S.K.: 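Mind having a look at this structure? Questions to follow.
Because the structure is predicted, anything quoted here is derived from the model rather than measured. Just so you know, these numbers use all the heavy atoms, side chains as well, and skip hydrogens, waters and symmetry mates.
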Amino acid sequence: MNKLEVIAEPGKQELFLTRTFNAPRDLVFKTWLDPKAIPEWWGPRKDATIVDQMDVRPGGTWRFISRDAEGNEFGFHGVYHEITPGERIVQTFEFEGWPGHVALETATFEEVDGKTKFTGQSVFQSVEDRDGMVSSGMEEGAAETMDRLAEIVEKARVS
């Protein structure tokens, strides 16, 4: 299985994620924005994900809640700025436990030999914000999230 690559150069405000999925681009893109599929792949397996709000259009908002086994809830939200079907999503991302620290995220989906190369770029307001996100364990969480997405699109591809 393809693994997530995380690039966080010292002193930079940005972070890059790349991963190739063994599924066509349209399937990966559709699954990425499907509110019924998101609880199946977004976040750690040990937590439940609730899609509280998801208005997929420029200016539309999204909000997901992760609930752990003890019932603690952690909210995440943002605004969609650009949606290019099958190709690109630009949105903001904010963890509600750390308000005021908003990142601008760009997700691109590229068809490569019947597979999908995902590239995610997150631009943070400061190097400190970026480093705080990296030190929070986001790399492990993002890797698990991408593994879960890969499982879902692989199942959909073969069925």
Side-chain angles (χ1 to χ4, degrees), residues 4-9 12-21 23-44 47-68 72-112 115-134 136-139 141-153 156-157:
L4 179 70
E5 179 182 5
V6 178
I7 299 169
E9 293 183 33
K12 302 264 180 145
Q13 289 176 241
E14 60 191 358
L15 171 76
F16 291 93
L17 307 173
T18 59
R19 167 81 188 243
T20 299
F21 295 94
R25 177 175 73 173
D26 289 341
L27 175 59
V28 175
F29 189 88
K30 177 184 165 196
T31 305
W32 192 278
L33 292 177
D34 180 352
K36 292 180 182 169
I38 287 168
E40 302 300 316
W41 66 267
W42 198 88
D47 294 345
T49 297
I50 299 134
V51 176
D52 181 53
Q53 189 175 36
M54 194 168 178
D55 181 8
V56 182
R57 62 176 177 82
T61 59
W62 65 271
R63 183 171 188 261
F64 303 160
I65 301 166
S66 287
R67 182 178 295 138
D68 67 18
N72 299 306
E73 293 186 349
F74 307 93
F76 304 84
H77 69 269
V79 176
Y80 295 107
H81 290 272
E82 177 187 330
I83 310 275
T84 304
E87 296 178 15
R88 178 174 147 114
I89 303 164
V90 179
Q91 68 182 39
T92 56
F93 175 93
E94 183 174 6
F95 170 49
E96 293 173 2
W98 200 25
H101 299 272
V102 181
L104 182 65
E105 297 185 328
T106 301
T108 57
F109 304 83
E110 178 184 0
E111 186 90 26
V112 179
K115 297 180 181 182
T116 303
K117 180 182 179 189
F118 160 78
T119 303
Q121 176 192 34
S122 296
V123 180
F124 296 84
Q125 294 172 322
S126 68
V127 173
E128 293 77 20
D129 280 4
R130 196 282 314 260
D131 290 348
M133 179 64 75
V134 171
S136 75
M138 77 50 72
E139 188 170 346
E144 185 174 358
T145 291
M146 293 294 155
D147 287 348
R148 294 179 71 197
L149 177 59
E151 292 165 10
I152 288 172
V153 297
R157 183 186 68 80

S.K.: Identify the two heavy atoms, one from Val153 and one from Leu27, that lie closest to each other, and give their separation to 0.1 Å.
M.R.: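 Looking at all heavy atoms of both residues, the closest pair is O-CD2, 3.5 Å.
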S.K.: Thr61: what forms a side-chain hydrogen bond (donor to acceptor under 3.5 Å, both in side chains) with it, not counting sequence neighbours?
M.R.: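 Checked Thr61 against side-chain hydrogen bond (donor to acceptor under 3.5 Å, both in side chains); matches are Gln53.
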S.K.: Can you tell me how far the CZ atom of Arg157 sits from the CZ atom of Phe21, to the nearest 0.5 Å?
M.R.: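 Reported value, rounded in 0.5 Å steps: 13.5 Å.
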S.K.: Taking side chain to side chain contact (heavy atoms under 4.5 Å, CB included) as the definition, give me every residue that meets it alongside Val56, ordered by chain and number, with sequence neighbours left out.
M.R.: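 So Val56 forms a side chain to side chain contact (heavy atoms under 4.5 Å, CB included) with Leu33, Met54, Tyr80, Ile83.
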S.K.: Could you report the tightest heavy-atom contact between Ala107 and Phe118, atom names first, then the distance?
M.R.: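 Minimum heavy-atom separation between Ala107 and Phe118: CB-CE1, 3.7 Å.
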S.K.: With sequence neighbours excluded, what pairs up with Phe64 under the ring-ring contact (aromatic ring centres under 6.0 Å, His included) test?
M.R.: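 Scan of Phe64 (ring-ring contact (aromatic ring centres under 6.0 Å, His included), adjacent residues dropped) gives Trp42, Trp62.
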S.K.: Side chains of Asp129 and Gln13, heavy atoms from C-beta outward: is any pair under 4.5 Å?
M.R.: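 A side-chain contact under 4.5 Å is absent here.
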S.K.: Which atoms form the tightest heavy-atom contact between Ala143 and Leu4, and what is the distance?
M.R.: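 Scanning both residues completely, I find the closest heavy atoms to be N-CD2, 3.5 Å.
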S.K.: To the nearest 0.5 Å, tell me how far Ser66 OG sits from Asn72 CG.
M.R.: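 Rounded to the nearest 0.5 Å, the OG-CG separation comes out at 11.5 Å.
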S.K.: Below 4.5 Å, heavy atoms only, C-beta onward: do Thr145 and Trp41 meet side chain to side chain?
M.R.: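 Yes, close enough: below the 4.5 Å cut-off.
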S.K.: Among residues at least two apart in sequence or on other chains, which ones pass salt bridge (Lys or Arg N to Asp or Glu O under 4.0 Å) with Lys12?
M.R.: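 Scan of Lys12 (salt bridge (Lys or Arg N to Asp or Glu O under 4.0 Å), adjacent residues dropped) gives Glu9.
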S.K.: Tell me, please, which residues at least two apart from Glu5 pass side chain to side chain contact (heavy atoms under 4.5 Å, CB included).
M.R.: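 Counting only residues at least two positions away or on another chain, Glu5 forms a side chain to side chain contact (heavy atoms under 4.5 Å, CB included) with Ile7, Thr18.
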S.K.: Which residues pass the ring-ring contact (aromatic ring centres under 6.0 Å, His included) test with His101, not counting sequence neighbours?
M.R.: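 His101 satisfies ring-ring contact (aromatic ring centres under 6.0 Å, His included) with Trp98 only.
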S.K.: Out of Asp147, Thr119, Thr116, which one pairs with Arg19 under the side-chain hydrogen bond (donor to acceptor under 3.5 Å, both in side chains) rule?
M.R.: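 One option only clears the test, and that one is Asp147.
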S.K.: Which heavy atom of Thr84 sits nearest to which heavy atom of Phe29, and what is that distance?
M.R.: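 Scanning both residues completely, I find the closest heavy atoms to be O-CZ, 3.6 Å.
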S.K.: Sequence neighbours left out, what passes side chain to side chain contact (heavy atoms under 4.5 Å, CB included) with Gln121? Give chain and number order.
M.R.: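 For Gln121, the residues satisfying side chain to side chain contact (heavy atoms under 4.5 Å, CB included) (neighbours in sequence not counted) are Glu14, Phe16, Thr106, Val123.
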S.K.: Just jot down the side chain to side chain contact (heavy atoms under 4.5 Å, CB included) partners of Glu40, sequence neighbours excluded, or say none.
M.R.: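 Applying side chain to side chain contact (heavy atoms under 4.5 Å, CB included) to Glu40 gives Ile152.
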S.K.: Can you name the salt bridge (Lys or Arg N to Asp or Glu O under 4.0 Å) partners of Glu144, sequence neighbours left out?
M.R.: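 None.
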S.K.: Under the rule for ring-ring contact (aromatic ring centres under 6.0 Å, His included), what residues qualify as partners of Phe95, not counting sequence neighbours?
M.R.: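 Counting only residues at least two positions away or on another chain, Phe95 forms a ring-ring contact (aromatic ring centres under 6.0 Å, His included) with Phe76.
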S.K.: Return each pair, listed once, that meets side chain to side chain donor-acceptor pair (under 3.5 Å) where at least one residue sits in residues 24-39; pairs must be two or more places apart or across chains.
M.R.: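 Not a single pair qualifies under side chain to side chain donor-acceptor pair (under 3.5 Å).
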S.K.: Examine distances only and state if a side-chain atom of Arg148 and a backbone atom of Gly43 form a donor-acceptor pair shorter than 3.5 Å.
M.R.: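 Pair found, side chain donor or acceptor close to backbone of Gly43.
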S.K.: Report the distance from atom CG of Asp47 to atom CD of Glu73, rounding to the nearest 0.5 Å.
M.R.: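 It comes to 11.0 Å.
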S.K.: With a 3.5 Å distance limit and no angle check, can you tell me whether Gln91 reaches the backbone of Glu105 through a side-chain donor-acceptor pair?
M.R.: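 Pair absent, no side-chain N/O of Gln91 close to backbone of Glu105.
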S.K.: Enumerate the residue pairs fulfilling salt bridge (Lys or Arg N to Asp or Glu O under 4.0 Å) with a member in residues 86-97, sequence neighbours excluded, ordered by first and then second residue.
M.R.: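 Applying salt bridge (Lys or Arg N to Asp or Glu O under 4.0 Å) to every pair that reaches into residues 86-97, excluding sequence neighbours, yields Arg63-Glu96, Glu82-Arg88.
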S.K.: What distance separates Asp131 CG from Leu15 CG, expressed to the nearest 0.5 Å?
M.R.: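 Taking CG in Asp131 and CG in Leu15, the distance rounds to 10.0 Å.
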